2 protein chains.
Amino acid sequence: MSLKHAILVLLETEPSSGYDLVKHFKRSLGYFWNAKHQQVYQQLKKLTEDQWVTFQAHSQTDKPDKKVYEITALGKKELANWISQPVKANSINDALLVKLYGGHLAGKENLENELNTHIDIHQGTLKNLESIEQLYLSLDDDKKAHYLLPYMTLRRGIIGEKAWLEWAEEVKNTLKQADIKKAD
Amino acid sequence: MSLKHAILVLLETEPSSGYDLVKHFKRSLGYFWNAKHQQVYQQLKKLTEDQWVTFQAHSQTDKPDKKVYEITALGKKELANWISQPVKANSINDALLVKLYGGHLAGKENLENELNTHIDIHQGTLKNLESIEQLYLSLDDDKKAHYLLPYMTLRRGIIGEKAWLEWAEEVKNTLKQADIKKAD
DNA sequence: GTACGCATGTAAAGTGTTACATGATTCG
DNA sequence: CGAATCATGTAACACTTTACATGCGTAC
């Protein structure tokens, strides 16, 4: 329902190429909205058809040519409209939890290994987010005010990751003491 | 990648109709894997084609007839295989955060209203999860051991919702003091 | 010389949502 | 009399992932 709108939000701040957008998704926005490069290019095509964005081709000599997209008046209208509507509560689809739920089929060791792998990933993400937070906190007050809302989304990431890791520790300790028989 | 496998996990425990599965998704599993009834029926059709499940029609007089699905040997093999593979880390797509990120377009009041709506929803979910936890904790030790892994997934929900609410309070307080101008 | 960054895309398959469709029974 | 529960599905559309595809420049 809204990679299109996520792209519009980014383009509203500054015109960008598809590649720039992908980078942006990988960094800031990507912590709460994932998109592969293919999908970004697909949606840019559709956004162009909708006339919510336009682009200008920039030819470059030392690098590949690129298309720089910017939001149109129609796009701004659509974005304002989307922003004024309530968004639906987020729905979660977490395969790791399905696996844990059916963990008696996996066996204790398999579960523990898998959990450890995910703990590493989440710890890495948390460190990364915390280093971005340090950058934010070192800004002067003007800039801090300017980036306040994106910072709030960063806080969501940090609080969320900490909670995830807290939960994972609980599961690890529980598994240690538990007797999980591998069924069938 | 895996509504099919979530269904197999449920069918591995007991044969069920599509309707039963939907109920199951709405209750326990649904807190970390969402599925509408249409999708469950679609996937049951595909699972049948794959020969991972079979069904028997049960005609009932006072209620509509139903099809009771059960997992096949082939399905069990597939499930065991899926469970032994590592799952990918979960990717988040959260429209509320996109909106907050672009919140200067929405205006402070709009953001606050939206946040309050979501706080209500998350508080409701948390209460619900905590009441299920109370049920679990009142079981005798045998049953507790039996439902240990599903309980761990419930804990994920509880810890996750608490963290969400903690974050939301932080955002509320921050917004209260902040000066968000509605741009354009 | 190989890996990484820059830069763009198409095609097909898989997954999920929305709209449409039916119809009986039970509880308040 | 209306709403909820039981019970199943089709069709169209929207969104996401995976695989395939190209090619130059720069740094190690």
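Note that the structure is a prediction, hence the values are computed from the model and not measured. Just so it is clear: chains get the letters A, B, ... in the order the sequence lines come, proteins before strands, and each one is counted from 1.
Atom CZ of B:Phe55 and atom P of D:dT8 are 11 Å apart (whole Å). Between the P atom of C:dC6 and the NE2 atom of A:His58 lies a distance of 17 Å, rounded to the nearest Å. Atom-to-atom, CG of A:Asn34 to C1' of D:dC15 comes out at 14 Å; the value is rounded to the nearest Å. Distance A:Tyr69 OH to C:dA7 C1': 11 Å, rounded to the nearest Å. Atom CG of B:Asn90 is separated from atom P of C:dT15 by 15 Å (rounded to the nearest Å). Rounded to an integer number of Å, the gap from NZ of A:Lys36 to P of D:dA19 is 10 Å. Atom CG in B:Leu44 sits about 15 Å away from atom C1' in D:dT10, given to the nearest Å. With rounding to whole Å, B:Lys26 atom NZ is found 12 Å from D:dA7 atom C1'.
Among the heavy atoms of the strands lying under 4.0 Å from B:Lys46 is at least one base atom, whether or not backbone atoms are also near. B:Asp20 comes within 4.0 angstrom of no nucleic acid atom, judged by non-hydrogen atoms across all strands.
Out of C:dA21, D:dC6, D:dT16, the shortest distance to the side chain of A:Trp33 is found at D:dT16. Listed nucleotides: C:dT18, C:dT8, C:dT10. Nearest to the side chain of B:Gln38: C:dT18. When the nucleotides D:dT8, D:dT17, C:dA19 are ranked by their closest atom to the side chain of B:His37, D:dT8 comes out on top. Closest approach to the A:Lys67 side chain among C:dG9, D:dG9, D:dT17 is made by C:dG9 (side chain taken as heavy atoms from C-beta onward). For A:Gln39, taking side-chain heavy atoms from C-beta onward, the closest of the listed nucleotides D:dA7, D:dT17, C:dT18 is D:dT17. When each of C:dT17, D:dG9, D:dC6 is scored by its nearest atom to the side-chain atoms of A:Lys88, the top-ranked nucleotide is C:dT17. Across D:dT16, C:dG16, D:dT18, the shortest atom-to-atom separation from the side chain of B:Gln42 is found for C:dG16. Side chain of A:Tyr19, nearest nucleotide from C:dG5, C:dG16, D:dT8: C:dG5.
For the pair B:Phe32 and A:Val98, the minimum side-chain heavy-atom distance is below 4.5 Å.
Taking 4.0 Å as the cut-off between side-chain N and carboxylate O, A:Glu170 and B:Arg155 count as a salt-bridged pair. Remark: A:Glu114 engages A:Lys99 in a salt bridge, criterion side-chain N to carboxylate O under 4.0 Å.
For the OP1/OP2 pair of D:dT16 and a distance below 4.0 Å, the side-chain nitrogens and oxygens of B:Asn93 include at least one atom meeting the criterion. Within the 4.0 Å cut-off from OP1 or OP2 of D:dT10, at least one side-chain nitrogen or oxygen of B:Lys45 is found. For A:Lys66 and C:dG9, the shortest distance from a side-chain N or O to OP1 or OP2 is not below 4.0 Å.
Side-chain polar atoms of A:Thr125 and A:Asn128 form no donor-acceptor pair below 3.5 angstrom. Side-chain N/O atoms of B:Glu133 and B:Tyr151 include a donor and acceptor closer than 3.5 Å.
For the ring pair (Phe, Tyr, Trp, His ring centres under 6.0 Å) test, residues two or more places apart in sequence or in another chain that qualify with A:Trp164 are A:His122, A:Trp167.
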Do any side-chain atoms of residues 35-55 of chain A form donor-acceptor pairs under 3.5 angstrom with protein atoms, and if so which ones, sequence neighbours left out?
from, atom 1, to, atom 2, distance (Å)
A:Thr48, OG1, A:Leu44, O, 2.6
A:Asp50, OD2, A:Lys4, NZ, 2.9

Below 3.5 Å is the cut-off: list the nitrogen or oxygen pairs between protein and nucleotides 23-25 of chain D, distance only.
none

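Atom OH of A:Tyr147 has 12 or fewer neighbouring heavy atoms from other residues, nucleotides or ligands inside a 6.0 Å radius.
Taking the nucleotide of DNA chain D with the nearest heavy atom to each of B:Ser17 and A:Gln43, the more 5' of the two is matched to B:Ser17.
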